[in-house]
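For clarity, every value in this text was computed on a predicted model and none was experimentally measured. Scope of the values below: all heavy atoms of this structure, side chains included, with no hydrogens, waters or symmetry mates. Each chain gets a letter, A, B and so on, in the order the sequences are listed, and its residues count up from 1.
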Amino acid sequence: MNRLPIAEVLPALRAHLAAHSAVVLQAPPGAGKTTGVPPALLDAPWLAGRRVLMLEPRRLAARAAAAYMARGYGEAVGDTVGYRVRFDSKVSARTRIEVVTEGILTRRLQSDPALEGVGLVIFDEFHERHLETDLALALVRDAQRLLRPDLKILVMSATLDGEGIARLLDAPLVISEGRMFPVQTHYAAREPEGPLAASAVSAVRAALSAHEGDVLVFLPGGGEIRRAQALLADLAPQADVLPLYGDLGWEQQDRALRPGPRRKVVLATPIAETSLTIEGVRIVVDAGYTRVPQFDPATGLTRLATVRVARASADQRAGRAGRLGPGVCYRLWTESVHRGLLAQPLPEIKTADLAGLALDLALWGTEAEALTWLDPPPRAALAQARDLLRDLGALDAANRITPVGREMAALPLHPRLAHLIRCGEARGAGAAACDIAALLSERDLYTGAERQTVDIAARLDALVGFRRSGRAGAQALGADPDACARVDRAARQWRRLLKASTLDAPAVEAGVLLAAAYPDRVAAQRRPNDTHYLLANGRGARLPSYDVHLRAPYLVAANVDAGEAEGVIHLAASVGLADIRDILAARVETVDVVRWDDQSAAVVTRREERLGKLLLRSGASAEVPAERVRAAMLEGVRRLGVAALPWTDEARGWRARVLSMRAWFPEEEWPDVTDAALGATLEHWLAPHLDGYTRRDQLAKLDLLAILQLRLSPAQSQRLREGAPPHLAVPSGSRLPLAYRPGEPPVLAVKLQEMFGCTDTPRVGFGRIPVVLHLLSPARRPIQVTQDLRGFWERTYPEVRKELKGRYPKHPWPDDPLTAPATARTVRKRRV
DNA sequence: CTCTCCCT
């Protein structure tokens, strides 16, 4: 057996572990750390016969590592070396090395925080920085500090971030060399343009003619892989082009992994970066992108974004060409772009939905701030997670776990889905609830071109078909049998955790239970038969174009990509309005809406039922308090403007007089009755008169003058009549109207003949303001404007008289206007 | 541009 590179550092590792409570081992892939380290530590005196627990991020890797080590002992798995993963375990009382996956470790810590019987916890592949790895490290560290000072931690990481974690844990860092063949890396001369698939395909053609061996191409997703596959169809006789991504069934994945009769071009997602190893690869073509989920705490939705690969991931991909011998890697980006890439991918904890983590932290009972994190959970996402958990009843107002929360934590799935199962159980439909939850948490039953609807109901039918008639039953309904098997297995696991009595249940509409789990994603169709919806959280989302079936007025969009301007619905179920109102009764708000409607120029009153941003129902309102109607009517007047009130000439005159007094006697308290001031004080002076008013046309009934006059006290009204009289008596005996304009002296239009004998200009404002006389001809044409009547008689009248005497011979034009009798009479030609 | 990968 070859001596592994890791062997050289084992003595140092043993020495450090004996002296420290935590050690970091940095070793690249191929060093043999996963299977080399645990057996080498088993006889350490500090372990004192206790177990080594090793965390692996994948089930496949956990089982494989256990099997490899067991062979080294010449034993069966489950003797000295065992494993425990979901759905499967091989451990016994003799087991000293137990390989576990992430969910298993978290749950063991929750039920046994002191990790009885365990002397060492190893975190393998720590650089992958899965959410649960970070959580598990924080919890183990906390347990070590509070309960188990003798417990030791070994963090094993493949890449350069070993120093950061060593500093965090105050741990010595041990570095091992890897054992890899050299890989020659080529960068693009300039950044490629156009579709990724096309650039990747040209690189593949060039590489195939320049080198020996199979090609592994990294593309971000299934869409790009299918496009590249179509572009490479002409390679058919010489080479096999094989897709490889998670949605494919086992058979197809297996074809890509096995050595074949011809050269292979494998088109893969990052699944081939760590999870799967392909035989025979000497050439890697890396398009340089990857898809990552980005959780948005504001909407509670996740967006799948296509981003540049990190340098560490690109190195990992290149390394795939150097497993057999020297290899070559083509990177479809320039060296200068490469220098700008992130060194490591963002750890999951920074971008993920933290609902599960928040529930685990609440169950653990230590504040997040008091734990040790390489990257602490972001505040906004943690706050959103706690809001959701309080909503679901898992946390109390102080964010402490409730009995309901404990029950939810006991179900191994997302808190929303745990809630869904509890709701199903309460309705006697536990089995159906398990199926629905499984469809949402496992890979989709429909893949690629088979995906013709987002409807969960169709998937439930396919699941029934699978259970009744096996793989053929699933395939008959267009579903992937492997995916059906996974969903079925998950559903059965949860059913075992439920009370048997709730399992033989009447059918329950999927939409009903989904509404309970995703109240914020209940969605209403924008228009009849539309593909666009509004979610209760206020976000818009659309059905994908391939779905031509689901056109329900209401959906629960359980799986929605946040998208850019609009979300895209990937899984949904229709739900009836009555069911929404029933299951979400506590969240449906009933509001009596009383508001002014500009369109109809009237107050409208409606009773509305709302779920978040959705309007569920709108109908006639019951009795609405009069003051709310009055307030809405007032708002209407405000919007129409004071000018829309029924102003009469008299009312306008009154207003001008009040404003004149206000201008002339600023020391007195005259109210401001301009449009602006009246508009700003409607509540005060108009509101009391609007009882029973609901429409604009009713305003005509208002006696505006009478209402305005109430703004003056009786004494003020009296003073107004005296100081700014509406009419003025002139020498002829006529009472003539005065025209007031705020800020100016009022105007008296009067025929010249009516003023004979009068020498002093009439005054208002208690003698303070001489009026402006508009002296008129007998035909009421303006002759002169003056505030100096005496001056007029003396200087202007003789001229005027000369000019007009001939034109109006039948009117008096006396030589001395000061002694002539004033008269309003015109000619006497119209006798009756 | 029809959703990456992984896990209880």
Side-chain angles (χ1 to χ4, degrees), chain A residues 55-62 84-89 100-111 125 128-136 195-197 218-227 244-248 268-276 287 289-294 301-307 309 313 316 345 348 351-352 356-357 359-360 363 408-415 417-418 437-438 440-444 446-454 483 486 489-490 493-494 497 542-548 559-564 567-571:
Chain A
L55 178 64
E56 277 298 318
R58 277 166 290 280
R59 296 205 285 256
L60 201 68
R84 208 187 286 271
V85 299
R86 186 185 188 190
F87 303 126
D88 188 16
S89 73
V100 299
T101 40
E102 293 169 338
I104 300 276
L105 177 57
T106 309
R107 300 170 70 70
R108 174 171 317 181
L109 279 162
Q110 293 286 17
S111 60
E125 316 284 12
E128 294 191 15
R129 298 295 306 280
H130 291 185
L131 181 61
E132 286 219 80
T133 308
D134 277 15
L135 173 63
L196 273 188
F218 284 101
L219 288 162
E224 291 85 352
I225 287 175
R226 287 190 289 274
R227 212 160 311 125
L244 178 61
Y245 51 97
D247 262 359
L248 294 176
T269 59
I271 194 173
E273 210 173 290
T274 49
S275 312
L276 301 174
Y289 287 86
T290 188
R291 294 219 158 92
V292 291
Q294 296 172 343
L301 297 177
T302 295
R303 166 185 302 110
L304 193 61
T306 307
V307 300
V309 74
S313 308
Q316 176 73 25
E348 216 181 340
T351 58
L357 178 125
L359 185 59
D360 270 322
L363 185 61
M408 280 168 59
L411 287 169
L413 70 174
H414 190 283
L417 298 178
L440 283 166
S441 55
E442 299 297 312
R443 226 178 250 289
D444 197 356
Y446 298 135
T447 61
E450 264 53 66
R451 194 174 287 144
Q452 283 163 15
T453 177
V454 300
R486 283 192 290 259
R489 187 149 73 154
Q493 183 192 31
W494 299 328
L497 297 170
R542 65 173 172 85
L543 292 170
S545 53
Y546 64 81
D547 190 308
V548 292
N559 188 341
V560 189
D561 187 285
E564 297 301 327
V568 181
I569 299 170
H570 292 298
L571 281 180

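- When the nearest nucleotides of DNA chain B are assigned to A/Tyr546 and A/Tyr245 by heavy-atom distance, the more 5′-ward of the two goes with A/Tyr546.
- Nucleic acid contact class of A/Arg443 (heavy atoms, under 4.0 Å, all strands): sugar-phosphate only.
- Nucleic acid contact class of A/Gly356 (heavy atoms, under 4.0 Å, all strands): none.
- A distance-only check finds no donor-acceptor pair linking the side chain of A/Arg542 to the backbone of A/Val568 [under 3.5 Å].
- Counting any heavy atom pair closer than 4.0 Å across all strands shown, A/Ser441 reaches a base atom.
- For the pair A/Leu219 CG and B/dC5 C1', the interatomic distance rounds to 15 Å; values are reported in whole Å.
- Contact annotation: A/Arg59 side-chain N/O to B/dT8 OP1/OP2 distance is under 4.0 Å.
- Atoms CG (A/Leu417) and C1' (B/dC7) sit 14 Å apart, rounded to a whole Å.
- Side-chain contact check for A/Pro412 versus A/Gln493: some heavy-atom pair is nearer than 4.5 Å.
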- request: Evaluate the criterion side chain to side chain contact (heavy atoms under 4.5 Å, CB included) for residue pair A/Ser441 and A/Trp494; output intermediate values, then yes/no.
  value: CA-CA 12 Å; A/Ser441 55; A/Trp494 299 328; 3.3 Å; yes
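- Separating the CG atom of A/Asp134 from the P atom of B/dT8 is a distance of 17 Å, rounded to the nearest angstrom.
- Atom-to-atom, CD of A/Glu102 to C1' of B/dC5 comes out at 12 Å; the value is rounded to the nearest Å.
- For the pair A/Glu132 CD and B/dC5 C1', the interatomic distance rounds to 14 Å; values are reported in whole Å.
- When the nucleotides B/dT2, B/dC5, B/dT8 are ranked by their closest atom to the side chain of A/Ile271, B/dC5 comes out on top.
- Counting to the nearest Å, the P atom of B/dC3 and the CD1 atom of A/Ile225 are 13 Å from each other.
- A/Ile104 comes within contact range of the sugar-phosphate backbone alone, with a heavy-atom separation under 4.0 Å but no base atom that close.
- A/Gln452 has its side chain out of reach of A/Tyr446: every pair of non-hydrogen atoms, C-beta onward, lies at least 4.5 Å apart.
- Residue A/Arg58 is classed as a sugar-phosphate contact, given heavy-atom separations below 4.0 Å to backbone atoms only.
- Distances shorter than 4.0 Å separate some side-chain N or O of A/His570 from OP1 or OP2 on B/dC3.
- Using a 4.0 Å heavy-atom distance criterion, A/Pro544 is classed as making no nucleic acid contact.
- Distance CG (A/Asp561) to C1' (B/dC5): 15 Å, rounded to an integer number of Å.
- Among the atoms of the strands shown, only primed sugar atoms or phosphate atoms (P, OP1, OP2) are found under 4.0 Å from some heavy atom of A/Val85.
- In this entry the distance linking CZ of A/Arg303 with C1' of B/dC5 reads 19 Å, nearest Å.
- Using a 4.0 Å heavy-atom criterion, one finds that A/Leu304 contacts the bases of the nucleic acid, with or without backbone contacts as well.
- At a cut-off of 3.5 angstrom, counting only N and O atoms as typed in the model, there is no donor on one side facing an acceptor on the other between the side-chain of A/Asp444 and the base of B/dC3.
- When the side-chain nitrogen and oxygen atoms of A/Thr101 are compared with OP1 and OP2 of B/dT8, one or more of them lie within a distance under 4.0 Å.
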task: Applying side chain to side chain donor-acceptor pair (under 3.5 Å), run through A/His130 and A/Glu128 and close with a yes or a no.
output: CA-CA 6 Å; A/His130 291 185; A/Glu128 294 191 15; 3.1 Å; yes
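- The nucleotide whose nearest atom lies closest to any side-chain atom of A/Asn559 is, among B/dC3, B/dT8, B/dT4, B/dC3.
- Once rounded to the nearest 0.5 Å, the distance linking CG of A/Asp547 with NE2 of A/His570 reads 12.0 Å.
- Residue A/Thr290 is classed as having no contact, given no heavy-atom separation below 4.0 Å to the nucleic acid.
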